[in-house]
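This report concerns only the one structure given below.
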Amino acid sequence: MKVEIAALNHTFFTPQPRPALLNLDLHIPSGQFAAIIGPSGCGKSTLLRLIAGLLQPTSGSILLDGKTPAEANAARQVAWLAQSPALLPWLTVEGNIALARKLLATRLNHQMSVQQALQRVGLENAARAYPFTLSGGMQQRLALARLLIQNAGLWLMDEPFAALDEITREQLAAMLLDLWQPAQPTVLWVTHNIYEALRLAERVIVLSPAPGQMVADFSVALPHPRREDTPAFQNLLYEVRTALNQAVEAAA
Ligand SMILES: Nc1ncnc2c1ncn2[C@@H]1O[C@H](COP(=O)(O)OP(=O)(O)OP(=O)(O)O)[C@@H](O)[C@H]1O
């Protein structure tokens, strides 16, 4: 799904005006895996919420394959993964996925079974368990299975693995890449972590401190799996970090 954002502004009124995003123009081609990084409070989550149609922009436009966020949502084309997996505690692992599948039963190209989705995330042996009996990493794998079965054209990800330990986080990041590669939905991945962004994404977009403006846009043309100890990775790391630091200094 193509994401086209033009002259986007968002201000919260609390009641005093608090600008969160300023004049953002962004074009994400269909199938791109893009990471959005920026300092805390720069408007990353606000941007995702606007794209998901959970907030109305103060001004500007967002089009998802030519549709408004509300229209794309109604067609169930937008899937969301956040830090909290928002599982239904009264349903088993397979019950959670079966419900997500049922909600999408009218989608013509929807062919994946519950079992297949659980296999893809390595949870086939936990199908009868309840979410509260799972570790944090397993709960996020279940959320990934739900994301997969939604078969949406756009995945919005708001630091989904930030609460997990380093090793689980890396495992899930690798799993996410494996899940993304066959169908290649468009991914917008919000993160604070420059390493994570450079390990996964094809593009890294840097926002300034609030109100968030785009200050840099990097293409990451490195093959997977990416090794951090290569000069190409280290160069990009340096450039992204420098862009971020300059934006923070300019705003200070
Ligand atoms: N519902 C709200 N009402 C008022 N202000 C808000 C609201 N949500 C966010 N803000 C403000 O908008 C700005 C951007 O917030 P946002 O959560 O989008 O930032 P973020 O980059 O995602 O931050 P973090 O990385 O810490 O999660 C901040 O100044 C925040 O305080």
Side-chain angles (χ1 to χ4, degrees), residues 1 3 5 8 10 12 18-22 24 26 28 32-57 62 64 69-70 72-73 76-88 96 100 121 131 136-166 168-177 179-180 185-214 217 220 240 244:
M1 174 180 282
V3 179
I5 295 175
L8 186 70
H10 192 72
F12 290 102
R18 184 187 288 221
L21 286 172
L22 194 64
L24 195 68
L26 188 58
I28 312 276
Q32 187 168 66
F33 192 135
I36 298 170
I37 66 167
S40 186
C42 75
K44 302 181 294 297
S45 301
T46 302
L47 176 61
L48 288 198
R49 283 157 68 204
L50 289 163
I51 296 170
L54 301 172
L55 284 174
Q56 287 300 316
I62 299 174
L64 309 175
N73 250 324
R76 298 193 183 277
Q77 273 297 324
V78 182
W80 181 283
L81 190 67
Q83 235 177 78
S84 155
L87 304 167
L88 299 176
N96 269 275
V121 300
M138 287 169 90
Q139 290 187 14
Q140 279 301 24
R141 269 151 62 193
L142 180 53
L144 278 173
R146 188 180 51 194
L147 187 82
L148 202 58
I149 212 155
Q150 278 177 268
N151 197 28
L154 176 60
W155 291 359
L156 299 177
M157 312 199 123
D158 196 354
E159 305 229 42
F161 309 140
L164 303 173
D165 66 84
E166 191 66 23
T168 310
R169 197 181 162 121
E170 288 198 5
Q171 286 170 343
L172 286 188
M175 179 175 276
L176 171 67
L177 206 55
L179 298 177
W180 168 75
T186 308
V187 176
L188 282 182
W189 166 284
V190 158
T191 180
H192 284 109
N193 189 320
I194 305 177
Y195 275 98
E196 195 170 69
L198 289 176
R199 256 190 255 122
L200 291 179
E202 299 175 286
R203 178 176 177 188
V204 176
I205 294 154
V206 182
L207 297 186
S208 69
Q213 283 180 292
M214 191 160 81
D217 187 354
V220 189
V240 175
L244 199 53

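Model, not experiment: these values are computed from the prediction.
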request  = Dump the intermediate steps for side-chain contact (heavy atoms from CB on, under 4.5 Å) on I37 and N193, then the final yes or no.
outcome  = CA-CA 7 Å; I37 66 167; N193 189 320; over 6 Å; no
inquiry  = Test side-chain contact (heavy atoms from CB on, under 4.5 Å) on L81 and D158; report intermediate values, then the result.
reply    = CA-CA 6 Å; L81 190 67; D158 196 354; over 6 Å; no
message = Evaluate L144 against F161 for side-chain contact (heavy atoms from CB on, under 4.5 Å), listing each step before the verdict.
response = CA-CA 11 Å; L144 278 173; F161 309 140; 4.2 Å; yes
side-chain contact (heavy atoms from CB on, under 4.5 Å) between L147 and W155, intermediate numbers included = CA-CA 8 Å; L147 187 82; W155 291 359; 3.5 Å; yes
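When all heavy atoms are compared, the tightest approach of L200 to L176 is CD1-CD2, 4.5 Å. The nearest pair of heavy atoms linking I28 to I205 is CD1-CD1, 3.9 Å. Between A143 and L87, the shortest heavy-atom contact is N-CD2, 4.3 Å. Across every non-hydrogen atom of F12 and A20, the tightest pair is CE1-CB, 3.7 Å. Across G38 and H192, no two heavy atoms sit closer than the pair O-CD2, 3.9 Å. The two residues T168 and G137 make their nearest non-hydrogen contact at CG2-CA, 3.7 Å.
By the 4.5 Å heavy-atom criterion applied to side chains, M214 and L26 are counted as neighbours. Side-chain contact check for L154 versus L64: some heavy-atom pair is nearer than 4.5 Å. A heavy-atom distance below 4.5 Å is not found between the side chains of R203 and V220. In this structure, the side chains of L55 and H10 come closer than 4.5 Å at one or more pairs of heavy atoms. Using a 4.5 Å cut-off on side-chain heavy atoms (C-beta onward), W189 and E196 make contact. A heavy-atom distance below 4.5 Å is found between the side chains of L47 and L8. Using a 4.5 Å heavy-atom cutoff, the side chains of M157 and V187 are in contact. Looking at L172 and R141, their side chains come closer than 4.5 Å, going by heavy atoms from C-beta outward.
Looking only at distances, no side-chain donor or acceptor of D217 sits under 3.5 Å from a matching main-chain atom of V206. Of the possible donor and acceptor atoms, none in the side chain of R76 sits under 3.5 Å from a partner among the backbone N and O of N151. One N or O on the side chain of S208 and one on the backbone of Q213 form a donor-acceptor pair closer than 3.5 Å. A donor-acceptor contact shorter than 3.5 Å links the side chain of N96 to the backbone of L88. Side-chain atoms of Q140 come within 3.5 Å of backbone N or O of Q83 as a donor-acceptor pair. Listed for the T191 side chain is no donor-acceptor partner under 3.5 Å among the backbone atoms of A197. No donor-acceptor pair closer than 3.5 Å links the side chain of Q139 to the backbone N or O of P85.
Considering CG of L22 and CG of L207, their distance stands at 11.0 Å, rounded to 0.5 Å. Once rounded to the nearest 0.5 Å, the distance linking CD1 of I36 with SG of C42 reads 9.0 Å. Distance check: L244 CG to I194 CD1 gives 5.0 Å after rounding to the nearest 0.5 Å. Once rounded to the nearest 0.5 Å, the distance linking CG of L21 with CG of L50 reads 6.0 Å. For the atom pair W80 CH2 and I51 CD1, the distance stands at 8.5 Å (nearest 0.5 Å).
Ion pairing between K44 and E159 fails under the 4.0 Å rule for side-chain N and carboxylate O.
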